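Quick caveat: nothing in here was measured; it's all calculated off a predicted structure.
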Amino acid sequence: MREAIAEAQKARASADVPVGAIVVFDEVVIVGRGHNRREADGDPTAHAEMIAIREAAHHFGRWRLIDCALYVTQEPCPMCAGAIVNSRIDRVIYGCDNPKAGAVRTLYRIADDRRLNHRAQVTSGVLAEECSALLMKFFKNLRSK
């Protein structure tokens with residue numbers, strides 16, 4: 001999660017919402033990294049998770065990310081939760097909940113919905129206070145401007 005937090009800090013430095021993600025293969029090797037780039041790229045799909053998943057798929061040369069875990073600082077949104085299911089990621093580990101768009105626990109349970117053809121194991125609350133503090137500070141500064 002520390003690596004995902006480092007990615008989130010990169011997003012903050014470029015005026016994007018500070019969310020970071022990494023994809024880890026076999027619990028050891030980081031095969032994908034990402035941080036929010038929506039503002040930097042003008043791309044609504046440039047979420048940290050999407051970028052990390054794309055990089056991991058490119059690393060392997062395939063779309064199935066079996067034996068991979070996604071670490072992300074904030075609970076994924078519906079788009080990212082869909083990408084988790086579609087890429088066959090085994091585990092999702094996230095920091096803080098996302099009360100406005102959380103799609104793996106808070107509002108929806110897409111990542112482990114039994115009606116879908118793939119389910120990921122979900123662990124929440126890892127370094128939650130630190131992840132939440134990054135977001136709260138960012139939005140407090142944004143509102144003060």
Inset, instruction - Assess whether side chain to side chain contact (heavy atoms under 4.5 Å, CB included) is satisfied between Glu55 and Val31, documenting all intermediate values. - result: CA-CA 7 Å; Glu55 191 173 292; Val31 293; over 6 Å; no
Inset, instruction - Answer whether the closest heavy-atom distance between the side chains of Ile84 and Ile53 falls below 4.5 Å. - result: yes
Legend entry - Carboxylate-amine/guanidinium proximity below 4.0 Å for Arg105 and Asp112: yes
Inset, instruction - Could you tell me whether a side-chain N or O of Asp67 sits under 3.5 Å from a main-chain N or O of Phe25, the two making a donor and an acceptor? - result: no
Inset, instruction - Spell out, as yes or no, whether a donor-acceptor pair under 3.5 Å connects the side chain of His47 to the backbone of His35. - result: no
Legend entry - Side-chain donor or acceptor of Arg91 paired with backbone N/O of Ile89 under 3.5 Å: no
Inset, instruction - Could you tell me whether the side chain of Cys68 reaches within less than 4.5 Å of the side chain of Asp90, counting heavy atoms only? - result: no
Legend entry - Where Tyr94 and Val104 come nearest, the two heavy atoms and their spacing: CE2-CG2, 3.5 Å
Legend entry - Sidechain-backbone polar pair: Asp16 side chain, Arg12 backbone, donor-acceptor under 3.5 Å: no
Legend entry - Test item: Arg62 side-chain N/O and Arg64 main-chain N/O as donor-acceptor pair under 3.5 Å: yes
Inset, instruction - Show the numbers, then the answer: is there a side chain to side chain contact (heavy atoms under 4.5 Å, CB included) between Arg2 and Leu127? - result: CA-CA 9 Å; Arg2 293 268 175 228; Leu127 299 178; 3.8 Å; yes
Inset, instruction - To the nearest 0.5 Å, tell me how far Asp97 CG sits from Gln74 CD. - result: 9.0 Å
Legend entry - Atom pair CD1 (Ile66) and NE2 (His118), whose distance is rounded to the nearest 0.5 Å: 8.5 Å
Inset, instruction - Give a yes or no on whether the backbone of Arg115 and the side-chain of Asp113 come within a donor-acceptor separation of less than 3.5 Å. - result: yes
Inset, instruction - Could you please spell out the steps behind the side chain to side chain contact (heavy atoms under 4.5 Å, CB included) verdict for Ile93 and Leu70? - result: CA-CA 6 Å; Ile93 302 95; Leu70 174 73; over 6 Å; no
Inset, instruction - State whether the side chain of Thr73 and the backbone N or O of Gly20 hold a donor-acceptor pair below 3.5 Å, judged by distance alone. - result: yes
Inset, instruction - Could you tell me whether the side chain of Ser132 and the main chain of Ala128 form a donor-acceptor pair under 3.5 Å? - result: no
Legend entry - Point-to-point distance, once rounded to the nearest 0.5 Å, from CE of Met1 to CD of Glu7: 13.0 Å
Legend entry - Pairing of Glu49 and Arg54 as salt bridge, 4.0 angstrom limit: no
Legend entry - Candidate pair Val85 and Asn117, rule side chain to side chain contact (heavy atoms under 4.5 Å, CB included), full reasoning: CA-CA 8 Å; Val85 171; Asn117 64 339; 4.1 Å; yes
Inset, instruction - Could you state whether Val28 and Ile22 fall into the same hydrophobic cluster, counting links through intermediate Ile, Leu, Val, Met, Phe, Trp or Tyr residues with side-chain heavy atoms under 4.5 angstrom apart? - result: no
Inset, instruction - Determine, for Glu3 against Arg33, whether the closest basic-nitrogen to carboxylate-oxygen distance falls under 4.0 angstrom. - result: yes
Inset, instruction - Keeping the roles fixed (side chain from Glu75, backbone from Asn98), state whether a donor-acceptor pair exists under 3.5 Å. - result: yes
Legend entry - Donor-acceptor contact present, side-chain Asp43 to main-chain Thr45, <3.5 Å: yes
Inset, instruction - Identify whether the distance between the nearest side-chain nitrogen and carboxylate oxygen of Arg37 and Asp41 falls below 4.0 Å. - result: yes
Inset, instruction - Assess whether atom CZ of Phe60 is packed by more than 12 heavy atoms of other residues, nucleotides or ligands within 6.0 Å. - result: yes
Legend entry - Gap between atom CD1 of Ile110 and atom CE of Met79 - 0.5 Å precision: 11.5 Å
Inset, instruction - Would you indicate whether the side-chain heavy atoms of Phe139 and Val17 approach each other to under 4.5 Å? - result: yes
Legend entry - Closest approach of Ala81 to Pro76 (non-hydrogen atoms, all atoms of both residues): N-CB, 4.2 Å
Inset, instruction - Decide yes or no for Pro18 and Leu135: does some side-chain heavy atom of the first lie under 4.5 Å from some side-chain heavy atom of the second? - result: yes
Legend entry - Within one Ile-Leu-Val-Met-Phe-Trp-Tyr cluster: Val19 and Phe138, side-chain cutoff 4.5 Å: yes
Legend entry - Nearest atoms (heavy-atom pairs only) where Pro78 meets Ala101: CD-O, 3.3 Å
